[in-house]
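Here's the structure we're looking at; comments come further down.
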2 protein chains.
Amino acid sequence: MLKNLPIGTQTDVLIEPRTFFNEKELKEILKKCGLKITKQRVAVLKVLSSGPRYHKTAKDILEEVKKNFPNIGFATIYRLLKRLSQAQMILEISMGAGSSCYELKTKQQSHYHIACLNCGKIIEFKNKMIETTLEKIVLEKNYTLKNQVVEIYVNCDSCKNQ
Amino acid sequence: MLKNLPIGTQTDVLIEPRTFFNEKELKEILKKCGLKITKQRVAVLKVLSSGPRYHKTAKDILEEVKKNFPNIGFATIYRLLKRLSQAQMILEISMGAGSSCYELKTKQQSHYHIACLNCGKIIEFKNKMIETTLEKIVLEKNYTLKNQVVEIYVNCDSCKNQ
DNA sequence: ATAAAAATGAAAATCAAATTCATTTAAAAT
DNA sequence: ATTTTAAATGAATTTGATTTTCATTTTTAT
């Protein structure tokens with residue numbers, strides 16, 4: 001259904017697979033943010049740049065990093081996440097209640113999120129028309145665009161079929 | 001600048017002034033949600049449906065309602081906000097850090113938000129094209145749309161001129 | 001190597017939001 | 001109108017996420 005849409009109105013664009021960074025690149029990120037390179041920070045970035053789940057909470061990250069640094073605590077994680085957010089290197093996604101998720105920005109640009117209110121699954125999508133429209137709105141107002149968030153909350157099909 | 005855009009690409013549509021509800025209408029809202037009518041609840045809804053600030057935090061609401069009900073506490077506020085959210089009567093807006101803001105839904109449909117990262121000012125805007133696109137995306141996937149959030153984070157002009 | 005500046009981690013503090021429970025209130029049924 | 005009953009209230013506590021503090025350790029530039 002809804003196939004063969006006129007050009008420019010296709011809504012669903014798949015996200016290319018995540019770009020993984022090697023250790024050297026992760027260190028570059030820290031440098032670019034004016035942060036000193038520590039093993040803990042590299043470990044946190046490694047978690048953010050890999051793994052099966054795209055969107056990780058501070059707790060996810062802590063648990064993962066603890067495997068190699070059993071003494072690391074939330075303080076270190078949150079401090080780094082905040083600095084990286086401020087430097088626009090990561091994206092904080094706070095979808096309603098609960099804890100925020102974080103994702104490392106890659107070359108791939110603005111993508112958006114669909115979240116199932118039932119099972120919590122998050123799907124990414126891109127849409128050039130929305131992106132352009134939002135840029136235009138900001139430009140018209142003579143503001144400076146810092147970030148754009150588009151989130152659709154749904155009940156997904158696997159949830160509906162239960 | 002950027003005037004005379006082709007039809008369908010205008011980005012900035014002003015929001016009509018907020019619809020105020022009278023006491024009877026507010027009670028209707030509670031009934032529709034299957035909630036008993038209490039003076040505290042009517043007072044909370046009255047705050048949500050009026051006043052100079054469109055987006056109110058639980059704290060804003062508490063302080064306002066306390067003027068007439070000095071003993072009311074957060075428990076009552078949060079409980080009601082949660083029930084109203086679940087009944088889709090209000091919109092919870094959690095923009096990054098800090099507490100969520102809540103706004104009463106009116107007949108006027110999906111509108112979006114521009115927030116200044118500096119001064120925290122929030123501006124509403126509407127955009128039919130984005131709205132339709134998001135609906136289309138959900139339809140294509142055979143999901144059920146529950147809510148859509150579009151947020152632009154900027155530095156606004158009054159902030160830039162400082 | 002060494003000094004200066006920054007980062008770490010354990011613990012405590014803060015803040016938003018949810019919960020508990022004894023008491024009160026609204027609304028349905030007499 | 002009164003009684004009944006189920007739900008709502010509010011004070012206090014709890015939970016959970018995030019931030020801060022501070023003594024100690026590590027990084028980086030010299």
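Every chain is numbered from 1 and lettered A, B, ... according to where its sequence line falls, protein lines coming before strand lines. Computed from a predicted structure; not experimentally measured.
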**Q.** Interface with DNA chain C, restricted to residues 62-71 of chain A and to heavy atoms under 4.0 Å
**A.** Asn71(A)

Sequence neighbours excluded, which residues qualify as side chain to side chain contact (heavy atoms under 4.5 Å, CB included) partners of [X]?
| X | value |
| --- | --- |
| Asn71(B) | none |
| Asn68(B) | none |
| Ile77(B) | Val44(B), Ala58(B), Ile61(B), Leu62(B), Ile72(B), Leu81(B) |

Q. Would one find a side-chain N or O of Arg79(B) under 4.0 angstrom from OP1 or OP2 of dA17(C)?
A. no

Q) dA17(C) phosphate, OP1 or OP2: any side-chain N/O from Ser100(B) under 4.0 angstrom? A) yes

Q: Choose from dT18(D), dT19(C), dA16(C) the nucleotide whose nearest atom is closest to any side-chain atom of Tyr78(B).
A: dA16(C)

Q) If you check every side-chain atom of Ser99(B), which of dA16(C), dG10(D), dA7(C) has the closest atom? A) dA16(C)

Q: Applying side chain to side chain donor-acceptor pair (under 3.5 Å), name anything that partners Glu23(A), two or more places apart in sequence or on another chain.
A: Lys46(A)

Q: Tell me, please, which residues at least two apart from Gln40(B) pass side chain to side chain donor-acceptor pair (under 3.5 Å).
A: none

Only pairs under 3.5 Å count here: list side-chain donor-acceptor contacts from residues 26-39 of chain B, not counting sequence neighbours, and write none if there are none.
unit_1: Thr38(B); atom_1: OG1; unit_2: Arg41(B); atom_2: N; d: 3.2

Q. Closer to the 5' end of DNA chain D via nearest nucleotide, is it Lys82(A) or Arg41(B)?
A. Arg41(B)

Q: Would you kindly compare Ala75(B) and Gly34(B) by the position of their nearest DNA chain D nucleotide and give the one closer to the 5′ end?
A: Gly34(B)

Q. In degrees, rounded to 10°, what is the bend between the two ends of the helix from dA1(C)-dT30(D) to dT30(C)-dA1(D), using five pairs at each?
A. 40°

Distances for protein N/O vs nucleotides 28-30 of chain D N/O pairs under 3.5 angstrom?
unit_1: dT28(D); atom_1: OP1; unit_2: Ile37(A); atom_2: N; d: 3.1

(Q) Enumerate the salt bridge (charged side-chain N to carboxylate O under 4.0 Å, His left out) contacts for residues 61-70 of chain A, please, sequence neighbours excluded, ordered by first and then second residue. (A) Lys59(A)-Glu63(A), Glu64(A)-Lys67(A)

**Q.** Minimum side-chain heavy-atom gap Phe125(B)-Ile137(A) below 4.5 Å
**A.** yes

Q | With sequence neighbours excluded, residues passing ring pair (Phe, Tyr, Trp, His ring centres under 6.0 Å) with Tyr78(B) | A | Phe74(B)

